[in-house]
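Below, each value reflects all heavy atoms present in this structure, side chains not excepted, and no hydrogens, waters or symmetry copies. Below, chains carry the letters A, B, ... as their sequence lines are ordered, and counting in each starts from 1.
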Protein chains: 2
Amino acid sequence: MFEVLFSHILDKVSLTVEEMDIIKSFFSHKVLRKRQYLLQEGDVCKYMSFVGKGLLRSYNIDEKGDEHMIVFAWEGWWISDISSFSSGEKAVFNIDAIEDSELLMITPADFEALTLKVPIMDRYFRILFQNSLVTKERRLMSSITHTAEEKYTQLAERNPEIIQRIPQNLIASYLGLAPETLSRIKKNLASRK
Amino acid sequence: MFEVLFSHILDKVSLTVEEMDIIKSFFSHKVLRKRQYLLQEGDVCKYMSFVGKGLLRSYNIDEKGDEHMIVFAWEGWWISDISSFSSGEKAVFNIDAIEDSELLMITPADFEALTLKVPIMDRYFRILFQNSLVTKERRLMSSITHTAEEKYTQLAERNPEIIQRIPQNLIASYLGLAPETLSRIKKNLASRK
DNA sequence: AATCACGCTTGATCCAGATCAAGTTTATTT
DNA sequence: AAATAAACTTGATCTGGATCAAGCGTGATT
């Protein structure tokens with residue numbers, strides 16, 4: 001489990017063996033079965049979780065009961081309601097497992113302690129959040145400026161793994177489309193060439 | 001100029017006088033007149049800029065020539081095309097001044113050097129990006145799940161300064177709405193109570 | 001192997017917000 | 001202070017994608 005985490009961290013910064021031991025000590029391990037919740041709206045988000053294995057999603061549910069996907073996270077990605085995690089306020093998102101998964105989790109207090117004890121982790125997370133910001137900015141632009149079809153083809157180019165791995169109705173929700181619309185788009189694209 | 005920057009940094013982390021001197025040495029100062037460009041699409045974004053005074057916007061322009069606002073930044077905020085800034089690839093965004101402005105700017109190489117020399121700056125930017133991520137996530141959700149009117153009223157609640165300070169057509173673009181639509185929404189809201 | 005449930009498709013209709021087209025008001029520039 | 005150009009409003013019309021409704025596969029569950 002930790003190999004996945006360390007290989008991910010070592011991609012961005014270097015660590016001594018001692019630092020790796022300290023890091024280990026701050027994380028707890030958790031197994032989640034398909035469909036199991038990691039976080040429910042209204043609870044406080046007590047963890048930032050690194051996915052070592054499996055696939056999770058975060059989403060929120062509007063007044064009409066419709067789900068809106070925020071993020072998918074598989075091996076090598078982090079998932080959390082950062083807003084709730086950093087502020088201690090109630091989460092507005094739900095997180096659950098799409099596939100059986102294994103996680104490494106850290107609490108806000110331990111996150112704070114970890115970055116103070118191993119300052120290079122601030123750098124790691126700085127880089128992580130910086131990259132994440134780029135992704136979010138692109139998605140936001142795409143959602144504002146593109147047609148439904150463009151959104152889908154862009155996602156397919158930029159994130160082929162999502163297309164392969166995630167059920168179509170969840171992809172539709174991720175793109176802010178009705179499932180029927182996505183179905184029709186795929187039909188059109190297929191027939192057109 | 002630097003007082004604004006330091007007060008912003010000291011809000012999140014503490015600095016010694018020596019560190020402050022090092023930080024100073026990495027930034028250059030720039031004055032921008034209203035409507036002047038800081039970055040044009042297609043150029044490489046050579047700076048991350050801290051706004052000490054004034055107001056800027058970043059936006060992109062689609063094939064039809066329509067502008068889409070990404071961010072507004074005034075005193076105490078950063079502005080950049082981070083994607084281009086971090087990768088050295090061509091920028092997809094434009095940045096220009098809405099009001100006469102003064103900036104403190106840092107290049108990618110100096111940004112790297114600064115974080116290595118003053119590691120606590122990694123922490124500062126980690127926190128900055130983390131907060132920024134929360135904001136982006138909220139905006140994305142809002143753009144996917146809400147009606148035009150909800151988007152506007154939420155913005156008005158969460159970001160009253162934008163409403164007061166920014167021309168209405170730019171706000172419309174920021175929300176992904178036609179200017180006519182925003183005009184009608186405001187009319188409705190006003191008449192309704 | 002039959003039933004059930006869920007995800008996907010296809011068709012018909014509807015609507016929020018875009019677009020087009022004038023005006024009007026408010027800032028800039030000369 | 002006149003001229004010009006932005007920014008905003010109001011009305012009429014149009015449309016991409018949502019919604020509603022029904023049927024179709026395919027893989028779980030008994």
Quick check on contacts: within residues 164-172 of chain A, what sits under 4.0 Å from DNA chain C by heavy-atom distance? A:Gln168, A:Asn169
When rounded to the nearest 0.5 angstrom, what is the spacing between [atom1] in [X] and [atom2] in [Y]?
X        : Y        : atom1 : atom2 : answer
B:Leu189 : B:Thr153 : CG    : OG1   : 7.0 Å
B:Asp110 : B:Lys117 : CG    : NZ    : 9.5 Å
B:Ile144 : A:His68  : CD1   : NE2   : 8.0 Å
A:Ile171 : A:Tyr152 : CD1   : OH    : 6.0 Å

Helical bend (five base pairs per end, nearest 10°) for the helix from C:dA1-D:dT30 to C:dT30-D:dA1: 60°
Can you tell me how far P of C:dG17 sits from NZ of B:Lys186, to the nearest Å? 17 Å
Separation of C:dA16 atom P from B:Leu175 atom CG, nearest Å, is 18 Å
For B:Gln168, is the CD atom crowded, meaning more than 12 foreign heavy atoms sit under 6.0 Å from it? yes
B:Glu89, CD: over 12 other non-hydrogen atoms inside 6.0 angstrom: no
Is any side-chain nitrogen or oxygen of B:Lys187 closer than 4.0 Å to OP1 or OP2 of D:dT9? no
Please produce a list of atom pairs where a protein N or O lies less than 3.5 Å from an N or O of nucleotides 27-30 of chain C.
from, atom 1, to, atom 2, distance (Å)
C:dT28, OP1, B:Lys34, NZ, 3.2

Side chain proximity check, B:Leu175 to B:Thr181, heavy atoms < 4.5 angstrom: no
Side-chain touch A:Pro119/B:Pro119, heavy atoms, less than 4.5 angstrom: no
Please name the pair of heavy atoms, one in A:Leu55 and one in A:Ser101, separated by the smallest distance, quoted to 0.1 Å. N-OG, 3.0 Å
Return the polar atom pairs (N/O with N/O) between nucleotides 15-24 of chain D and the protein under 3.5 Å, or none.
from, atom 1, to, atom 2, distance (Å)
D:dG17, OP1, A:Ala148, N, 2.8
D:dA18, OP1, A:Gly176, O, 3.4
D:dA18, OP1, A:Ala178, N, 3.3
D:dA18, OP2, A:Ala178, N, 3.3
D:dA18, OP2, A:Thr181, OG1, 2.2
D:dT19, O4, A:Arg184, NH2, 3.0
D:dC20, N4, A:Glu180, OE2, 3.2

Identify all side-chain donor-acceptor contacts of residues 27-52 of chain B below 3.5 Å with residues at least two apart in sequence or on another chain.
from, atom 1, to, atom 2, distance (Å)
B:His29, NE2, B:Glu102, OE1, 2.8
B:Gln36, OE1, B:Arg33, N, 2.8

Sidechain-backbone polar pair: B:Ser58 side chain, B:Asn94 backbone, donor-acceptor under 3.5 Å: no
Under 3.5 Å, is there a donor-acceptor pair between the side chain of A:Glu75 and the main chain of A:Gly54? yes
Pairs of donor and acceptor atoms involving the side chains of residues 120-141 of chain A, under 3.5 Å and at least two apart or interchain, shall be tabulated with distances.
from, atom 1, to, atom 2, distance (Å)
A:Asp122, OD1, B:Arg126, NE, 2.9
A:Asp122, OD1, B:Arg126, NH2, 3.1
A:Asp122, OD2, B:Arg123, NH1, 3.1
A:Arg123, NH1, B:Thr115, OG1, 2.9
A:Arg123, NH1, B:Asp122, OD2, 3.1
A:Arg123, NH2, B:Glu112, OE1, 3.2
A:Arg123, NH2, B:Glu112, OE2, 2.9
A:Tyr124, OH, A:His8, ND1, 2.7
A:Tyr124, OH, A:Trp78, NE1, 2.9
A:Arg126, NE, B:Asp122, OD1, 2.9
A:Arg126, NH1, A:Gln130, OE1, 2.8
A:Arg126, NH2, B:Asp122, OD1, 3.1
A:Gln130, NE2, B:Ser86, OG, 3.4
A:Asn131, ND2, A:Ile127, O, 3.4
A:Thr135, OG1, A:Asn131, O, 3.1
A:Lys136, NZ, B:Glu137, OE2, 2.9
A:Glu137, OE2, B:Lys136, NZ, 2.9
A:Arg138, NH2, B:Ser83, OG, 3.0
A:Arg139, NH1, A:Ile70, O, 2.6
A:Arg139, NH2, A:Met69, O, 3.1
A:Arg139, NH2, A:Tyr174, O, 3.0

